[in-house]
Asker: 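Take this structure first; my questions come after.
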Amino acid sequence: MPPKNDVWQGTLALMILKTLEALGPLHGYGIARRIEQTSGNRLAVNYGTIYPALLKLEQENYIQSEWGQSDNNRRAKFYKLTRAGHKQLRQEARDWEQTTAILARFLTPDSGS
Amino acid sequence: MKSLNKWLSRFAGAFNKNANERDLADEFESHFQLHVDDNLRAGLSPAEARRQAILKFGGVESSKEAVRDRRGLPFLETLLQDVRFAFRMLRKNPGFTAIAVLTLALGIGASTAVFSLVNAVLLKPLPYPHSERIVFPWRQPPPGTNFGYGDIPWSRVGFNLFSREAKTFEAVGAFQSDSFNLTGAGDPERLDGLRASSGFFPALGISPILGRTYSPEEDQPGRAQTVVLGYQIWRDKFGADPAILGRSLNLNGETYQVIGVMPPGFVFPRAEEMPGSFTFARQVQIWVPLALDPGPPVRAEDDELAVVARLRPGATLAQGQAEMNVMAKRIETIFPRGKGWFESRVTPISQQLAGDTRRPLLLILAAVGVVLLIACSNVASLLLTRSLGRKREFTLRAALGANNHRLIRQLLTESLLLASFSGLLGLLLADAAIHFGKALGPNIPRLAETTLDLRVLAFALGVSFAAGILFGLAPAISASRKNLTESLKAGGQRTGESHANAKFRNALLVSEVALALVLVIAAALLTQTFLHLLRVDPGFNPSRTLTFQLSLPSAKYPDQAHIVTLYQSALHQLQDLPGVESAAIVSTVPLGGPTQSTGVRIPDHPARDSSGGPFANYTMASPGYFSAAGTTLLRGRDFTEADTATSLPVTVINNAMAKSFWPNSDAIGKQIGPGSLLYPAATVIGIVADTKRLSLREKPDPEMFVPYTQKVWPSLLTMDVVLRTKNDPAAVTAAARAAIHSVDSDLPLANVSTLATLVDDSVIQQRFAMYVIGAFGALALLLASIGMYGVISYSTTQRTQEIGIRLALGAQRRDVMAMVLAHGGRLAALGITIGLVAALALARTLASFLYGVQPADPITFAAVALLLCAVALLACYLPARRAMRVDPTVALRYE
């Protein structure tokens with residue numbers, strides 16, 4: 001089992017990508033807010049932790065950034081998915097579904113014959 | 001792909017720091033604003049909105065750190081930071097830096113120089129292709145024969161058989177040296193040449209850079225002569241003329257056609273690479289065909305053939321040796337009376353060329369290793385001292401969050417930086433030392449190839465690196481052991497060093513003293529050896545002598561009569577020169593090369609032992625040789641002009657022969673002759689003192705001198721001339737040349753020298769060893785005394801408070817001084833004791849290098865021990881005086 005930090009980093013990256021796909025280009029604060037909401041406020045994370053993850057995704061070319069204007073005319077850095085990012089998202093989502101499906105078979109009470 | 005992108009971005013990120021920092025700050029600020037806006041909209045007060053936003057964000061700095069860590073290459077950045085800091089630290093303490101760099105540079109420079117020598121002689125691959133297949137099958141005398149040499153020459157017939165029937169060898173060549181007088185191209189010049197069979201070049205595998213070498217067809221007697229030139233002679237004598245091929249040269253009166261030029265550096269064989277039973281020149285300048293007569297054996301052959309062979313690919317040394325054993329049996333069938341004389345021992349070329357230099361080289365390598373250890377240990381001590389002064393700095397850093405790992409890395413960076421400066425300086429020193437050594441050094445084979453090549457540079461780099469880590473570890477480890485609060489307190493800087501530290505430094509010092517002692521003892525023994533050798537009575541008077549060699553071409557001087565006539569007129573001309581007292585000729589001057597030796601036959605004592613002995617040196621000389629050389633005539637008379645080819649055969653023998661063959665009677669009047677009954681026995685007419693022939697260390701062998709006019713078999717074509725001059729020999733050289741020129745204008749003078757130079761040259765190895773080990777010993781002594789000064793000085797400073805207290809309580813100043821001296825004395829005594837024990841243990845390894853002094857000579861040991869005591873006390877003197885001058889009131893206030 002990889003260390004918890006890595007698992008968290010991996011899932012955080014997936015959540016960021018999914019958020020950007022669902023909501024389109026968004027700034028760091030917005031992404032963090034949205035992740036908190038989507039998880040049903042079950043994840044209580046510090047918003048600051050999102051930035052290293054955003055940087056990593058940007059270095060890997062899955063997202064790209066651009067300064068722009070927010071709704072209230074605040075200057076903010078917006079991130080959006082690249083084409084590679086779309087592909088990566090679909091790939092990782094499939095991987096996760098597969099993983100959970102396999103685990104489900106182990107963890108349900110009846111495991112067949 | 002994604003990770004490549006990631007690393008490229010990080011690499012790029014390392015260079016764009018300022019812009020990125022601003023961007024990040026802006027982004028965070030904008031994040032706050034957005035959050036605060038939302039909070040305000042949700043109804044919170046401005047202060048509360050801000051507070052909630054801050055709380056929710058988490059640690060700003062740690063997020064920034066996390067982003068920074070991911071952005072650049074943190075390792076690289078901190079490394080650069082460390083290096084800049086280390087640079088500043090070194091610059092801040094110039095005195096310390098200078099001493100440390102210089103000390104270490106001396107150690108690194110010396111070891112690099114020695115390593116380059118070891119590299120050239122022992123490690124570098126030989127410049128011959130597939131050199132592991134090149135071997136020398138030296139003929140061996142049967143066990144028990146007192147030949148003095150292990151490897152002896154081949155005969156013509158034996159070699160012809162070998163080259164015809166060799167199966168495990170793909171090329172076989174025979175060679176012997178010869179000298180050639182080159183005339184018709186400027187001044188007559190004597191060239192050292194090699195008569196080599198056509199298989200010689202393929203066996204070595206070196207191809208000429210111009211033209212070709214001769215074929216087996218050209219290597220037959222009676223064919224037109226060809227010659228292959230060496231690079232140096234082509235360049236110096238013929239101006240590297242590209243049209244040299246086909247040119248005719250007059251060598252020894254015969255015409256030779258130039259057919260090739262060998263590459264630079266090829267001068268095989270050098271005399272020092274070949275066994276002592278052969279005569280070879282220092283280097284070979286030209287190669288001509290050996291042109292061995294392929295016919296059956298004839299009497300009285302005096303070929304001195306050396307053989308080189310190349311194994312077939314895939315054949316092993318063992319197989320080669322096996323074939324030689326078979327060959328021996330084959331030759332025995334041709335020469336049944338020589339049974340047992342045809343065994344040979346196959347020696348690979350790498351072993352042959354290294355000669356017996358392996359042991360002296362390893363000795364020097366060990367000595368320089370000692371110096372390097374002492375240097376490192378000094379620098380470690382210095383660094384340890386300085387790091388103690390920085391204890392507060394380190395604990396502060398630790399308190400601010402630096403972890404151990406980081407601290408150690410920083411300290412190691414400092415020491416590696418120091419080591420790299422020292423390494424660079426050391427390389428310069430090594431280069432100078434190499435040039436020095438090449439100019440003054442003895443004839444170690446391949447000495448000329450010593451350079452700073454890649455392997456040596458890698459060695460220097462490795463040594464610097466290892467040294468840096470070695471002496472950097474000590475302060476690094478001590479810095480990481482810290483007691484935070486203790487060190488941060490006001491007096492923390494001075495509250496004495498930890499016990500472990502002090503013990504470590506003392507241990508370093510003790511080992512330095514011990515190592516220095518061992519090295520100085522070795523130097524003292526070698527110096528005594530050299531001095532003893534110089535005081536040896538060589539049996540002749542080396543002062544005011546001029547010697548040179550004449551090689552008569554056999555074409556111009558075909559028989560005894562011509563030769564004798566030439567020498568007689570030459571001697572007359574030389575004798576008449578105003579600066580010359582006496583002139584004579586001799587086969588070989590003392591210390592001028594190996595002598596002819598033969599079995600001798602004494603008609604009175606017909607007992608011959610199984611080896612064909614007894615043996616004696618056989619030398620031809622002219623009348624007056626002994627007085628020219630300064631050898632005392634003990635009894636009887638010298639030769640005179642009356643001793644000619646037709647008069648009674650006479651001989652003058654040396655004292656060793658007289659004592660060993662006629663111990664109880666007068667040798668004068670007795671008969672002795674060369675082994676074969678063909679040659680008449682000569683009557684002993686005089687006894688001379690023993691002379692050293694090959695080295696000053698030898699016990700003289702029996703020797704018989706015969707007048708050159710009465711010679712029996714060795715060739716007179718090459719003789720040494722000895723002139724005893726009235727004043728400076730150099731002044732006579734030109735006149736001597738003219739005198740010879742007047743007798744034969746085509747005859748060059750070779751090996752122009754003096755007997756004194758020959759004596760000097762014979763001890764060149766001992767002198768070199770003495771200088772090198774002596775220099776290392778002096779260096780070690782200097783470094784150890786600096787080390788002692790450092791340690792005692794620092795510990796005295798540490799104890800200033802204690803000294804103040806003692807003085808205040810009534811101690812005398814000289815008691816304080818005694819205390820410091822005793823501290824140093826104890827350490828020195830321990831080091832000296834350990835060193836003496838080590839020296840005793842190692843003494844035996846030095847035995848073969850010594851002469852006239854025992855390896856465990858008690859006087860030497862005692863003297864060196866006293867020397868080190870004195871040096872140690874001297875090193876402690878200054879700190880002791882400082883301790884004496886401590887003002888108690890100041891000391892007690894001293895923090």
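Here the structure is a predicted model, which is why all the values come from computation and not from measurement. Proteins come first, then strands; the chains are lettered A, B, ... in the order of their sequence lines, and each starts at number 1.
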Asker: For atom CD of A:Q69, is the number of surrounding heavy atoms from other residues, nucleotides or ligands below 6.0 Å larger than 12?
Answerer: yes
Asker: Among residues 35-50 of chain B, which residues come closer than 4.5 Å to chain A, judged by heavy atom distances?
Answerer: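 At a heavy-atom separation under 4.5 Å, chain A is reached by B:H35, B:D37, B:D38, B:R41.
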Asker: Residue by residue, scan residues 22-32 of chain B and write down, ordered by number, those that have a heavy-atom distance under 4.5 Å to chain A; if none do, write 'none'.
Answerer: B:D23, B:D26, B:E27, B:F28, B:S30, B:H31
Asker: When you look at NZ of A:K80, are more than 12 heavy atoms from neighbouring residues, nucleotides or ligands closer to it than 6.0 Å?
Answerer: no
Asker: Can you name the nearest heavy-atom pair linking A:N46 to B:G58, along with the distance?
Answerer: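 A:N46 and B:G58 have their closest heavy atoms at CG-CA, 3.8 Å.
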Asker: Going through the checks in order, is the side chain to side chain contact (heavy atoms under 4.5 Å, CB included) test met by A:Y51 and B:F57?
Answerer: CA-CA 11 Å; A:Y51 286 98; B:F57 193 88; 3.9 Å; yes
Asker: Does A:K18 have more than 12 heavy atoms from other residues, nucleotides or ligands lying within 6.0 Å of its NZ?
Answerer: no
Asker: Is it the case that atom CG in B:L454 sees more than 12 heavy atoms from other parts of the structure closer than 6.0 Å?
Answerer: no
Asker: Of all heavy-atom pairs between B:A66 and A:P52, which one has the smallest distance, and what is that distance?
Answerer: CB-CG, 3.5 Å
Asker: Taking atom CZ as the centre, does B:F87 end up with more than 12 heavy-atom neighbours from other residues, nucleotides or ligands that are less than 6.0 angstrom away?
Answerer: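 Not more than 12 within 6.0 Å, no.
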Asker: Could you go through B:L34 and A:S70, starting from their C-alpha distance and side-chain angles, then the distance that decides it, and tell me whether this counts as side chain to side chain contact (heavy atoms under 4.5 Å, CB included)?
Answerer: CA-CA 9 Å; B:L34 291 168; A:S70 76; 3.7 Å; yes
